2 protein chains.
Amino acid sequence: MAANSRVTIAAHALAWLELARQRGREVLTSDEVAASINTNAVIIRRSLGDLQRAGLVTARRGNGAGFSLGRPAAEITLLDIWLAVSPEPLLALHHSEPNLECPVGRGIRPVLTDLYDEATDTFRATLARWTVADVLERILA
Amino acid sequence: MAANSRVTIAAHALAWLELARQRGREVLTSDEVAASINTNAVIIRRSLGDLQRAGLVTARRGNGAGFSLGRPAAEITLLDIWLAVSPEPLLALHHSEPNLECPVGRGIRPVLTDLYDEATDTFRATLARWTVADVLERILA
DNA sequence: CCAAAAGCAACCATATTTGTTACGTCCGGC
DNA sequence: GCCGGACGTAACAAATATGGTTGCTTTTGG
């Protein structure tokens with residue numbers, strides 16, 4: 001259980017929702033999504049809950065309820081997913097404050113922050129170039 | 001203690017080694033490096049041990065020993081550091097195998113692998129544009 | 001009203017990271 | 001050749017995150 005797989009879970013769920021939609025099933029339950037991903041339904045509800053808060057899916061409760069895409073699959077990028085489910089930085093700064101008596105300890109944090117932000121931005125830009133529709137298309141190809 | 005700060009620790013240590021070198025101290029002990037980073041000397045020896053295995057620093061043992069840069073600071077990039085300190089994937093695939101009965105479960109892994117690799121490559125490319133000398137220069141500016 | 005399904009809280013097991021202690025190993029200097 | 005300083009490393013603890021599981025509450029269509 002090292003690196004987190006939340007983007008994977010969420011992308012899988014969205015691709016599956018879209019495929020089901022194309023097949024005429026507008027709504028899937030968390031159990032049905034969980035069956036494809038081979039995990040627990042609670043995990044799916046947690047993940048899709050994040051996506052719902054970001055507007056990427058809609059959830060209906062009550063009898064006959066379930067999840068649907070919140071907007072067309074071609075308008076949901078992997079960046080949208082990443083932002084919805086994984087708010088952690090890719091690289092962390094010091095855990096405890098460095099020694100401010102030392103010139104390096106005093107000045108390094110803003111420099112690394114800038115640098116990490118720059119790298120993270122390029123990472124995000126790549127994710128932004130892919131949509132759920134693209135992913136599903138490549139899966140079915 | 002969530003996200004790991006190993007790149008930060010290693011970059012800090014290298015910048016500090018370079019500054020010491022410019023000031024005439026070719027060798028620093030793990031205790032001296034730890035003092036700037038405000039952590040334990042064992043953490044430094046572990047981190048610099050990784051860097052040594054990658055050739056980024058040299059370690060001398062015995063009396064009066066310590067660590068020095070393995071090559072000029074202008075020739076050590078942040079990517080070198082990232083690769084040296086055991087880079088985990090930025091995004092993980094499924095934790096347990098998805099349901100292969102489902103078209104999405106069957107096909108999604110290579111697609112996401114490709115996509116994650118592409119994003120990771122751009123992340124790495126940004127790290128590769130920065131050297132320890134650049135970082136130190138910006139710290140002192 | 002009822003039943004189905006999301007929402008949610010409380011756990012548990014596992015893994016990782018950082019930190020700490022302790023000890024082995026190496027090696028320059030006396 | 002010994003000695004002491006410093007790296008190398010193993011073992012362990014505390015804190016945190018993740019994934020998983022169970023059980024209960026809430027919502028809502030029929």
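Being a predicted model, the structure only gives us computed values, none of them experimental. Each chain gets a letter, A, B and so on, in the order the sequences are listed, and its residues count up from 1.
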Can you tell me how far [atom2] of [N] sits from [atom1] of [X], to the nearest Å?
X: A:L93; N: C:dT18; atom1: CG; atom2: C1'; result: 16 Å
X: B:E88; N: C:dT16; atom1: CD; atom2: C1'; result: 8 Å
X: B:H95; N: C:dT14; atom1: NE2; atom2: P; result: 12 Å

Are side-chain N/O atoms of [X] and [Y] paired as donor and acceptor at under 3.5 Å?
X: A:S47; Y: A:D50; result: no
X: A:D117; Y: A:T120; result: no
X: B:T126; Y: A:T122; result: yes

Problem - NZ/NE/NH1/NH2 to OD/OE distance under 4.0 Å, B:D134 and B:R129 - result: no
Problem - Pairing of B:R71 and B:D80 as salt bridge, 4.0 angstrom limit - result: yes
Exercise for the section: Would you please enumerate the stems DNA chain D participates in, each stem being three or more consecutive Watson-Crick or G-U wobble pairs with both distances under 3.5 Å? Expected result: C:1-30 with D:1-30
Exercise for the section: Enumerate the residues from residues 30-56 of chain A whose closest heavy atom to DNA chain D is under 4.0 Å, giving them by residue number; use none for an empty result. Expected result: A:T39, A:N40, A:V42, A:I43, A:R46
Problem - Close approaches to DNA chain D from residues 58-67 of chain A, in residue order (heavy atom, under 4.0 Å) - result: A:R61, A:G62, A:N63
Problem - CD-CD1 distance between B:E97 and A:I37, expressed to the nearest 0.5 angstrom - result: 14.0 Å
